[in-house]
Enquirer: 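Dumping the structure here so I can ask a few things about it.
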Amino acid sequence: MKRKGLVRKAGAVFLAVSIGAGALAGGGSPGPADAAENTSEASEGSENAGGEKVFYYGDTTFNAENDESDVNPHNGYSGWACIRYGIGETLFKYSDSMELEPWLAVSYENVDENTWEITLRDGVTFTSGRAMDAQAVKECLEHLTEAHERAKGDLKLQEMEAEGRTLTIKTTEPVPALMNYLSDPYGCIIDMEAGVTAEGNVSGTGPYMAARVETDKGLTLVKNENYWNGMPHLDTIYVRTISDGDTMTMAMQSGELDGAYGLPYASLPLFAGAPYSISSCETSRSFFGAMNYATEALQDANVRRAIAGAIDRESFTKILLDGNGSAAAGPFPASFAYGDSTVTAQPFDLEASRELLAESGWTDTDGDGYVDKNGRKLTIRWLTYPSRQELPLLAESAQATLKEIGIDVQVNCTAGHLDYIGSGDWDIYASAFVTAPTGDPEYFFTTHCMDTSSKNRGGYHSDRLEELELQMSRTFDTAERAGLATEMTQVILDDNGFIFASHLRMSIVSGAGVSGLTAHPCDYYEITAELDKN
């Protein structure tokens with residue numbers, strides 16, 4: 001069996017990380033060394049007093065809460081920051097329709113089920129000055145699978161051979177989605193000879209390099225003068241983590257920011273007209289809750305089904321999100337071949353939910369408005385975090401509708417959510433996750449739903465799902481994979497082990513004179529060589 005994938009020339013991409021809200025005060029126009037302390041001169045134009053062309057970008061995501069503590073792609077989910085901010089690039093990237101395109105590689109050949117031959121692009125160098133060749137890529141991927149458990153499980157690398165610009169990869173078993181996995185942000189190619197600094201900085205191939213990395217505060221990015229795909233327009237970019245929506249809104253209005261991602265939905269109308277512009281697109285980032293099977297009440301299928309039927313997805317997206325999203329049935333948007341239009345979730349029906357609870361003996365015996373059983377009120381500890389503005393709103397909506405069926409919901413919205421996950425002090429964990437960042441459905445299931453999944457937070461298990469995943473892991477045909485994904489989604493929906501609320505409509509706001517800041521369906525191409533400000 002042979003398959004070839006040829007990719008077209010693709011531009012570099014840059015994703016933004018965020019800057020600390022407290023850093024918005026102060027005077028003077030900063031240089032790379034003190035970007036985190038001062039940005040108040042951002043409104044003075046695209047050049048500072050020294051003639052440097054600068055850009056100020058606000059974001060909510062560069063923080064330890066999101067498992068983005070630095071820009072080292074081999075560390076947790078920090079690859080998102082690496083690729084989002086134009087520091088690193090992967091072998092392949094995704095088009096607007098989420099199809100593979102060339103990036104650092106120009107083509108691949110699937111020689112047999114376990115062997116892949118990748119041809120690398122010529123003329124690419126790391127910011128360290130080293131040429132990117134097959135040996136450098138081999139070293140990077142070897143370190144990746146040593147340091148990153150998720151990548152190790154996805155890639156299943158057995159051995160690699162490097163010769164010039166040709167990298168041959170052999171896997172321990174068939175990995176039909178290998179090229180997709182290598183396009184995950186953890187697959188950013190970095191120079192392992194240059195290494196990783198104590199701050200988690202790396203040498204990549206992107207249009208920018210990080211001069212400063214400060215977890216929970218932001219980054220200072222400087223132009224890569226030797227970028228392979230055209231000269232970047234900006235000299236310095238200051239990325240600032242701003243968790244407070246009002247602070248980010250005011251900074252954008254005052255001109256302290258040139259662009260922003262993560263503005264409150266209520267603020268978007270303020271930037272609907274000139275001199276601002278908004279780039280928006282539908283993404284596969286889903287907001288969903290995972291049930292904790294260690295909770296005795298949630299081991300009851302009727303209770304899980306009742307909870308799923310009491311989540312008002314339509315009102316959540318239309319009212320609380322002001323239409324900035326679409327109601328979700330499953331993990332994938334309806335536009336996907338294996339998306340929401342192909343599956344059926346528990347419908348919103350409060351009366352049916354009450355009946356399900358009663359069938360399992362949960363009734364309001366003392367008239368306090370909450371159901372109880374054997375003298376114990378049904379209380380659900382709803383755990384979530386604030387850095388994604390949709391999640392506290394989802395908690396608010398769920399708390400209100402579950403109260404109507406007699407369930408007491410205690411919301412714990414905290415940046416320390418991972419500590420509670422570790423201790424088990426939760427019943428439903430609501431998070432935001434890009435379910436198909438590799439353009440392939442297997443990623444979501446292997447990350448969240450399988451016995452070996454790194455983010456199977458609630459201990460979900462299904463014999464049928466394990467059987468279907470084994471089939472998918474050996475299926476190369478994309479149509480067959482889509483069919484398996486639909487069946488797998490229906491399994492987890494029928495079990496109500498996961499409740500999907502909405503899919504994100506991503507919006508990035510640009511200020512006066514800004515071009516090249518464009519939302520992308522995969523939610524991680526933001527800052528690119530094309531980004532500019534007149």
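The structure presented is a predicted model; accordingly, all values stated were derived computationally and were not measured.
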Enquirer: Does this structure show an ion pair linking Arg505 with Glu282, if we count only N-O contacts that are shorter than 4.0 Å?
Expert: yes
Enquirer: Looking at the rings of Trp103 and Tyr94, which for Trp means the six-membered one, are their centres under 6.0 Å apart?
Expert: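 No.
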Enquirer: Check step by step if side chain to side chain donor-acceptor pair (under 3.5 Å) holds for Ser453 and Asn456.
Expert: CA-CA 5 Å; Ser453 295; Asn456 186 350; 5.3 Å; no
Enquirer: Between Ile278 and Ile508, is there a side-chain heavy-atom distance shorter than 4.5 Å?
Expert: no
Enquirer: Can a side-chain donor-acceptor contact be found between Asp154 and Tyr443 if the only test is distance below 3.5 angstrom?
Expert: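 No, because no side-chain N or O of Tyr443 sits under 3.5 Å from a partner of the opposite role on Asp154.
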Enquirer: If we ignore angles and hydrogens, is there a donor and acceptor under 3.5 Å between the side chains of Asp440 and Thr438?
Expert: no
Enquirer: Have Thr283 and Asp523 got a donor and an acceptor in their side chains that come within less than 3.5 Å?
Expert: no
Enquirer: If you take the centroid of each ring, where Trp contributes its six-membered ring, are Phe433 and His448 closer together than 6.0 Å?
Expert: yes
Enquirer: How far does CZ of Arg354 sit from CG of Asp349, to the nearest 0.5 angstrom?
Expert: 9.0 Å
Enquirer: Do Ile190 and Asn72 make a side-chain contact, defined as non-hydrogen atoms from C-beta onward lying under 4.5 Å apart?
Expert: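 They are in contact (side-chain heavy atoms under 4.5 Å apart), so the answer is yes.
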Enquirer: Identify the two heavy atoms, one from Cys82 and one from Val202, that lie closest to each other, and give their separation to 0.1 Å.
Expert: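 Here Cys82 and Val202 meet closest at SG-CG2, 4.3 Å.
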Enquirer: Within the structure provided, determine whether Phe445 and Thr489 are in side-chain contact (heavy-atom separation under 4.5 Å).
Expert: yes
Enquirer: Tell me whether Tyr293 at atom OH has more than 12 heavy atoms from other residues, nucleotides or ligands lying less than 6.0 Å away.
Expert: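 Yes, OH of Tyr293 has more than 12 neighbouring heavy atoms, counting only those of other groups under 6.0 Å.
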Enquirer: About how many Å separate OG1 of Thr414 and CG of Leu383, when rounded to the nearest 0.5 Å?
Expert: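 Between atom CG of Leu383 and atom OG1 of Thr414 there are 7.5 Å.
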Enquirer: Judged by modelled atom types alone, do Asp258 and Ser510 share a side-chain donor-acceptor pair under 3.5 Å?
Expert: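 Absent: no donor and acceptor within the cut-off.
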Enquirer: Could you check Trp426 against Thr295 for side-chain contact (heavy atoms from CB on, under 4.5 Å), going step by step and ending with a plain yes or no?
Expert: CA-CA 8 Å; Trp426 62 282; Thr295 300; over 6 Å; no
Enquirer: Going from CD1 on Ile83 to OG1 on Thr90, what distance comes out if it is rounded to the nearest 0.5 angstrom?
Expert: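 Atom-to-atom, Ile83:CD1 and Thr90:OG1 are 4.5 Å apart.
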Enquirer: For Leu219 and Val71, what are the C-alpha separation, side-chain angles and deciding distance, and is it a side-chain contact (heavy atoms from CB on, under 4.5 Å)?
Expert: CA-CA 9 Å; Leu219 309 171; Val71 296; 4.0 Å; yes
Enquirer: Met231 and Lys223: side-chain contact (heavy atoms from CB on, under 4.5 Å), yes or no, with the steps?
Expert: CA-CA 8 Å; Met231 182 64 71; Lys223 178 193 298 186; 3.6 Å; yes
Enquirer: Identify the two heavy atoms, one from Gly218 and one from Phe62, that lie closest to each other, and give their separation to 0.1 Å.
Expert: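 So the minimum-distance heavy-atom pair works out to O-CE2, 3.8 Å.
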Enquirer: Please determine, by modelled atom types, if Glu68 and Ser78 share a side-chain donor-acceptor pair under 3.5 angstrom.
Expert: no
Enquirer: Which atom names give the shortest non-hydrogen contact between Ala432 and Tyr385, and what distance separates them?
Expert: N-OH, 3.0 Å
Enquirer: To the nearest 0.5 Å, what is the distance between CG (Leu221) and CG (Leu531)?
Expert: 10.5 Å
Enquirer: Can you find a side-chain donor-acceptor pair between Asp70 and Asn201 that sits under 3.5 Å?
Expert: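 Checked: Asp70/Asn201 side chains show no N/O donor-acceptor pair below 3.5 Å.
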Enquirer: Show the nearest heavy-atom pair for residues Thr60 and Gly262, with the distance to one decimal.
Expert: CG2-O, 3.9 Å
Enquirer: Checking the side chain of Ser353 only, and the main-chain atoms of Ala306 only, is there a donor and an acceptor separated by less than 3.5 Å?
Expert: yes
Enquirer: Taking all atoms of both residues into account, what is the closest heavy-atom pair of Leu402 and Ala310, and its distance?
Expert: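 So the two residues come closest at CD2-CB, 3.5 Å.
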Enquirer: Using a 4.5 Å cut-off on heavy atoms from C-beta on, say whether the side chain of Leu418 contacts that of Arg457.
Expert: yes
Enquirer: Taking all atoms of both residues into account, what is the closest heavy-atom pair of Thr401 and Asp312, and its distance?
Expert: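 Shortest heavy-atom contact: CG2-CB, 4.2 Å.
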Enquirer: May I have the list of side-chain donor-acceptor pairs in residues 319-329 shorter than 3.5 Å, sequence neighbours left out?
Expert:
| unit_1 | atom_1 | unit_2 | atom_2 | d |
| --- | --- | --- | --- | --- |
| Asn324 | ND2 | Leu321 | O | 3.0 |
| Asn324 | ND2 | Asp322 | O | 3.4 |

Enquirer: Is any side-chain heavy atom of Val54 less than 4.5 Å from a side-chain heavy atom of Ile237?
Expert: no
Enquirer: How far apart are the C-alpha atoms of Phe444 and Tyr338, what are their side-chain angles, what is the distance that settles it, and do they pass the ring-ring contact (aromatic ring centres under 6.0 Å, His included) test?
Expert: CA-CA 12 Å; Phe444 174 78; Tyr338 41 86; over 10 Å; no
Enquirer: Distance check, rounded to the nearest 0.5 Å: Ser267 atom OG versus Met252 atom CE?
Expert: 11.5 Å
Enquirer: From His503 NE2 over to Arg313 CZ, what is the distance, rounded to the nearest 0.5 angstrom?
Expert: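 If we round to the nearest 0.5 Å, His503:NE2 and Arg313:CZ are 10.0 Å apart.
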Enquirer: How about Tyr186 and His74: does a side-chain donor come under 3.5 Å of a side-chain acceptor?
Expert: no
Enquirer: Scan Ile407, Asp368, Val371 and name whichever one has a side chain to side chain contact (heavy atoms under 4.5 Å, CB included) with Lys377.
Expert: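 Answer to the side chain to side chain contact (heavy atoms under 4.5 Å, CB included) test with Lys377 among Ile407, Asp368, Val371: Asp368.
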Enquirer: Determine whether the aromatic ring centres of residues Phe500 and Phe332 are separated by less than 6.0 angstrom.
Expert: no
Enquirer: Give a yes or no on whether a salt bridge exists between Lys53 and Asp235, defined as a side-chain N under 4.0 angstrom from a carboxylate O.
Expert: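 Not counted as a salt bridge, because no side-chain N and carboxylate O are separated by less than 4.0 Å.
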Enquirer: Tell me, please, whether Phe55 has Lys533 positioned over its six-membered ring: NZ or CZ under 6.0 Å from the ring centre and within 45 degrees of its axis?
Expert: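 No, Lys533 does not lie over the aromatic ring of Phe55.
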Enquirer: Between the side chains of Arg381 and Gln410, is a donor N or O closer than 3.5 angstrom to an acceptor N or O?
Expert: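 No, no side-chain donor-acceptor pair sits under 3.5 Å.
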Enquirer: May I have the step-by-step check of side-chain contact (heavy atoms from CB on, under 4.5 Å) for Ile492 and Tyr460, ending in yes or no?
Expert: CA-CA 9 Å; Ile492 64 174; Tyr460 173 80; 3.7 Å; yes
Enquirer: Regarding Arg150 and the six-membered ring of Tyr77, is the cationic atom NZ or CZ under 6.0 Å from the ring centre and inside 45° of its axis?
Expert: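 So Arg150 does make the cation-pi contact.
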